[in-house]
Amino acid sequence: MATDTLKSTTGASGASAVRRLLLDNGALTALIALVIAMSALSGDFLTTDNLLNIGVQAAVTAILAFGVTFVIVSAGIDLSVGSVAALSATVLAWMATSQGVPVWIAVILAIATGIACGLVNGVLISYGKLPPFIATLAMLSVGRGLSLVISQGSPIAFPESVSHLGDTLGGWLPVPVLVMVVMGLITALILGRTYIGRSMYAIGGNEEAARLSGLRVKKQKLAIYALSGLFAAAAGIVLASRLSSAQPQAAQGYELDAIAAVVIGGASLAGGTGKASGTLIGALILAVLRNGLNLLSVSAFWQQVVIGVVIALAVLLDTLRRKAGATPVAAGAGAPGGRGKQAATYIIAAVVAAAVVGAMSFLHNGSSSSATKKVGLSLSTLNNPFFVQIKSGAQQEAKKLGVDLTVTDAQNDASQQANQLQNFTSSGLGSIIVNPVDSDAAAPAVRSANKAGIPVVGVDRGVNKADTAALVASDNIAGGKLGAKAMAEKLGGKGKIVILQGLAGTSASRERGAGFAEGLKAYPGIEVVARQPADFDRTKGLDVMTNLLQAHPDIQGVFAENDEMALGAVKALGSKAGTSVSVIGFDGEPDGLKAVKDGTMYASVAQQPKELGRIAVENALNAAEGKTVEKTVMVPVKVVTKENVAGFGG
């Protein structure tokens with residue numbers, strides 16, 4: 001039978017050989033197909049700036065994924081890498097700034113933090129006998145919690161010397177890309193040339209057989225998870241360098257992207273297969289998808305659907321490949337000619353890609369039109385009615401003025417927003433509107449737009465350490481003070497209240513909370529008995545308020561830093577809402593105003609989100625056309641109660 005198989009393989013026809021080549025290199029084939037498709041659909045895709053953007057945007061995911069490759073090859077899983085990355089970056093920034101530790105020592109401590117987290121995972125799995133899923137899920141929560149504890153929920157500025165990791169060499173080559181390449185080479189070396197690399201494949205292939213053959217499986221797993229933690233720390237440092245700050249909420253969900261990149265790259269979750277080049281290709285596929293879909297103005301919601309489909313197709317392709325007899329080879333374990341074939345495959349892929357670049361560049365040459373009326377709007381999230389209202393107002397004004405408006409959703413991820421802003425810049429838009437997830441983290445990407453001569457308008461929140469043509473905003477601090485005054489007047493200057501805080505690390509939460517605290521200083525009879533975060537989310541507002549009522553059943557007031565949390569609190573309070581307990585929200589969103597009208601909420605510190613969106617588009621177009629715009633445009637906020645809600649336009 002072995003002889004027959006060999007004959008059928010060596011005697012395969014040309015079509016069969018091509019089919020086998022495609023099956024053996026499914027991820028590479030998919031990447032080339034994606035590049036061709038995106039090049040055909042968007043004239044902005046194949047620009048030098050955009051291709052470098054793709055490399056930068058793939059860097060953090062790829063570095064995380066290289067570490068996860070070790071784990072998956074050994075038939076494990078690591079869900080903690082995103083949180084470990086955030087924790088390591090936070091430790092570095094905190095040590096180097098608040099504690100005055102020399103930067104080089106802070107870097108070592110950050111890397112040691114990542115390794116320590118990985119070792120804890122390894123101990124729990126190897127000696128505690130916990131399933132990898134459970135052990136790393138626990139570390140995901142612990143790592144994120146420690147990051148928030150150390151930073152007190154606020155971003156910490158990154159040391160200038162380390163921030164250069166987010167810069168470019170020679171003014172064009174991004175340092176994150178270089179770090180990604182170096183980490184990829186290290187991964188390939190470990191997998192293909194070291195004892196521990198061979199151990200990973202042996203453990204993933206058959207752990208019991210590996211143990212019986214004399215391999216110290218438990219100790220090897222410690223090393224494997226420690227490596228994953230080390231790579232996570234490196235990714236966290238690169239990410240924070242790009243954002244010029246350590247964000248305690250950074251890299252949320254990145255563990256799923258890292259796992260997806262490894263699987264798309266051809267590794268099996270059952271263990272025993274996987275290689276560094278495949279993981280890199282998987283990370284590039286995800287980056288190309290997100291970049292191209294941004295350039296094509298595809299909804300952020302549909303982007304998630306597309307990426308999910310791609311992951312499913314990658315697994316299906318792996319199944320087809322196995323059924324067709326294509327056998328993935330462990331790194332460094334192939335036949336003598338295997339490396340030559342692999343190199344030839346990559347050379348052919350490079351030639352095809354170069355041909356595509358040339359053809360598509362010729363196709364799109366001279367087809368560009370005036371970009372003045374093309375505007376990009378990057379919102380911090382579209383999972384909140386307030387920002388949906390900003391989007392609605394912006395789209396209405398864009399339609400009225402004949403502006404081509406592209407809207408993206410950063411999903412409260414400062415890194416994802418930086419990617420979106422870079423995509424806007426490489427697209428050569430007339431102007432950009434940004435509602436920052438974090439005012440400091442958006443600065444590097446906005447400075448890149450400044451260098452490209454693209455005016456940037458801030459909406460609702462400003463951008464620090466960067467030039468914006470205008471800021472269209474309401475004053476969150478002033479709004480917080482108005483909320484404190486309204487609460488004190490309603491309670492007659494004394495009583496017990498609780499505060500529901502927004503998403504830790506966001507400027508809106510900090511500013512609203514600071515304004516409310518400042519306003520309460522004039523009313524010493526008001527006692528704040530509890531402050532708890534509910535992340536601007538209605539469901540969390542319900543849960544947190546339910547818990548607080550157990551400890552503080554006698555409260556008279558609730559201040560929530562947005563209407564969503566206030567509405568959750570109203571649900572938890574039941575019949576108390578609007579009777580014995582006064583609830584004040586913030587934003588003036590439709591559901592909140594309806595609750596004010598019904599009397600279950602006493603008031604909402606109402607901004608005018610549609611007006612913010614409308615004025616932002618108007619100013620962005622004026623800035624693109626070179627007209628003079630006001631540096632700061634303040635949209636008034638007001639306390640809306642049952643008495644004046646009918647006349648409030650929103």
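We count residues from 1, following the sequence as given.
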Practice problem: For Ile63 and Met180, work out which heavy atoms get closest and say how close. | Solution: CG1-CA, 4.0 Å
Quiz item: Quick one: are Arg447 and Lys465 in side-chain contact, heavy atoms under 4.5 Å?
Solution: yes
Exercise. Working to the nearest 0.5 Å, report the span between CG of Leu64 and CG of Leu256.
Key: 11.5 Å
Quiz item: Using a distance-only test with no angle check, is there a side-chain donor-acceptor pair under 3.5 angstrom linking Asp587 and Gln607?
Solution: yes
Quiz item: Just checking, any donor-acceptor pair under 3.5 angstrom between side chains of Gln422 and Arg242?
Solution: yes
Quiz item: Hey, is the main chain of Leu401 close enough, under 3.5 Å, to the side chain of Lys373 for a donor-acceptor pair?
Solution: yes
Quiz item: If you take all heavy atoms of Ala235 and Val60, which pair is closest and at what distance?
Solution: CB-O, 4.0 Å
Quiz item: Does a side-chain heavy-atom distance below 4.5 Å link Ile105 with Met95?
Solution: no
Quiz item: Does a donor on one side chain sit under 3.5 Å from an acceptor on the other, for Asn53 and Asn423?
Solution: no
Quiz item: Will you find, in the side chains of Thr113 and Ser88, an N or O donor that is under 3.5 Å from an N or O acceptor?
Solution: no
Quiz item: Phe386 and side-chain contact (heavy atoms from CB on, under 4.5 Å): which partner among Leu379, Asp563, Leu612?
Solution: Leu612
Quiz item: So, the side chain of Asn291 versus the backbone of Ala287: is there a donor-acceptor pair under 3.5 Å, distance only?
Solution: no
Quiz item: Ser380 side chain to Val437 main-chain N or O, any donor-acceptor pair under 3.5 Å?
Solution: no
Practice problem: For the residue pair Ser147 and Thr90, confirm or rule out a side-chain donor-acceptor distance under 3.5 Å. | Solution: yes
Quiz item: Which heavy-atom pair separates Ser244 from Pro444 by the least distance, and what is that distance?
Solution: OG-CG, 3.4 Å
Exercise. Rounded to the nearest 0.5 Å, what's the gap from NZ on Lys610 to CD on Gln395? Could you check?
Key: 11.0 Å
Quiz item: Roughly how far, to the nearest 0.5 Å, is CD1 of Ile615 from CD1 of Ile433?
Solution: 11.5 Å
Exercise. State plainly whether the residues Arg512 and Asp475 are in salt-bridge range, i.e. N to O under 4.0 Å.
Key: no
Exercise. Indicate whether any N or O donor in one side chain lies under 3.5 Å from an N or O acceptor in the other, for Ser509 and Gln501.
Key: no
Practice problem: Measure the shortest side-chain to side-chain distance between Ile111 and Val107 over non-hydrogen atoms and say whether it is less than 4.5 angstrom. | Solution: yes
Exercise. Could you go through the side chain to side chain contact (heavy atoms under 4.5 Å, CB included) check for Val637 and Gln608 one step at a time?
Key: CA-CA 7 Å; Val637 297; Gln608 301 180 64; over 6 Å; no
Quiz item: Do Glu564 and Pro385 have side-chain heavy atoms sitting under 4.5 Å apart?
Solution: yes
Self-check item: Short side-chain donor-acceptor distance under 3.5 Å, Ser439 and Asn464
Solution: no
Quiz prompt | Any Val434 side-chain heavy atom under 4.5 Å of Gln417 side chain | solution = yes
Practice problem: Could you give me the CA-CA distance, side-chain angles and deciding distance for Val388 and Asn384, then say whether side chain to side chain contact (heavy atoms under 4.5 Å, CB included) is met? | Solution: CA-CA 6 Å; Val388 173; Asn384 183 310; over 6 Å; no
Quiz item: Within a reach of under 6.0 Å around CD of Gln99, are more than 12 heavy atoms found that belong to other residues, nucleotides or ligands?
Solution: yes
Self-check item: Any side-chain heavy-atom pair of Asp460 and Phe387 under 4.5 Å
Solution: yes
Quiz item: To the nearest 0.5 Å, how far apart are CG in Leu421 and OG1 in Thr408?
Solution: 7.0 Å
Quiz prompt | Min side-chain heavy-atom separation Val375-Leu429 under 4.5 Å | solution = no
Self-check item: Trace of the side chain to side chain contact (heavy atoms under 4.5 Å, CB included) decision for Val81 with Val68
Solution: CA-CA 8 Å; Val81 289; Val68 173; 4.0 Å; yes
Quiz prompt | Heavy-atom donor-acceptor pair, Asp409 side chain to Leu382 backbone, under 3.5 Å | solution = yes
Quiz prompt | OG1-CZ distance between Thr406 and Phe424, expressed to the nearest 0.5 angstrom | solution = 6.0 Å
Self-check item: Salt bridge flag under 4.0 Å for residues Asp257 and Arg290
Solution: yes
Quiz item: Where is the tightest heavy-atom contact between Asn476 and Ala508, given as atom of each residue plus distance?
Solution: ND2-CA, 4.1 Å
Practice problem: Heavy atoms only: give me the nearest Lys391-Leu377 pair and the separation to one decimal. | Solution: CA-CD2, 4.5 Å
Quiz item: What is the distance from atom CG of Leu621 to atom OG of Ser431, rounded to the nearest 0.5 Å?
Solution: 7.0 Å
Practice problem: Write down the atom of Leu239, the atom of Ser415, and the distance for their closest heavy-atom approach. | Solution: CD1-OG, 3.1 Å
Practice problem: For Phe231 and Ile186, run side chain to side chain contact (heavy atoms under 4.5 Å, CB included): C-alpha distance rounded to whole Å, both residues' side-chain angles, the deciding distance at 0.1 Å, then the answer. | Solution: CA-CA 10 Å; Phe231 275 65; Ile186 292 172; 4.2 Å; yes
Quiz prompt | Exercise: do Asn450 and Asp467 side chains pair donor with acceptor under 3.5 Å | solution = no
Quiz item: Will you find, in the side chains of Asp49 and Ser426, an N or O donor that is under 3.5 Å from an N or O acceptor?
Solution: no
Quiz item: Any donor-acceptor pair under 3.5 Å linking the side chain of Arg461 with the backbone of Leu471?
Solution: no
Quiz item: Going by heavy atoms in the side chains, are Pro176 and Gln57 under 4.5 Å from each other?
Solution: no
Quiz item: Do the side chain of Lys631 and the main chain of Thr468 share a donor and acceptor less than 3.5 angstrom apart?
Solution: yes
Quiz item: Cut-off 3.5 Å, side chains only: do Gln247 and Ser245 have a donor facing an acceptor?
Solution: yes
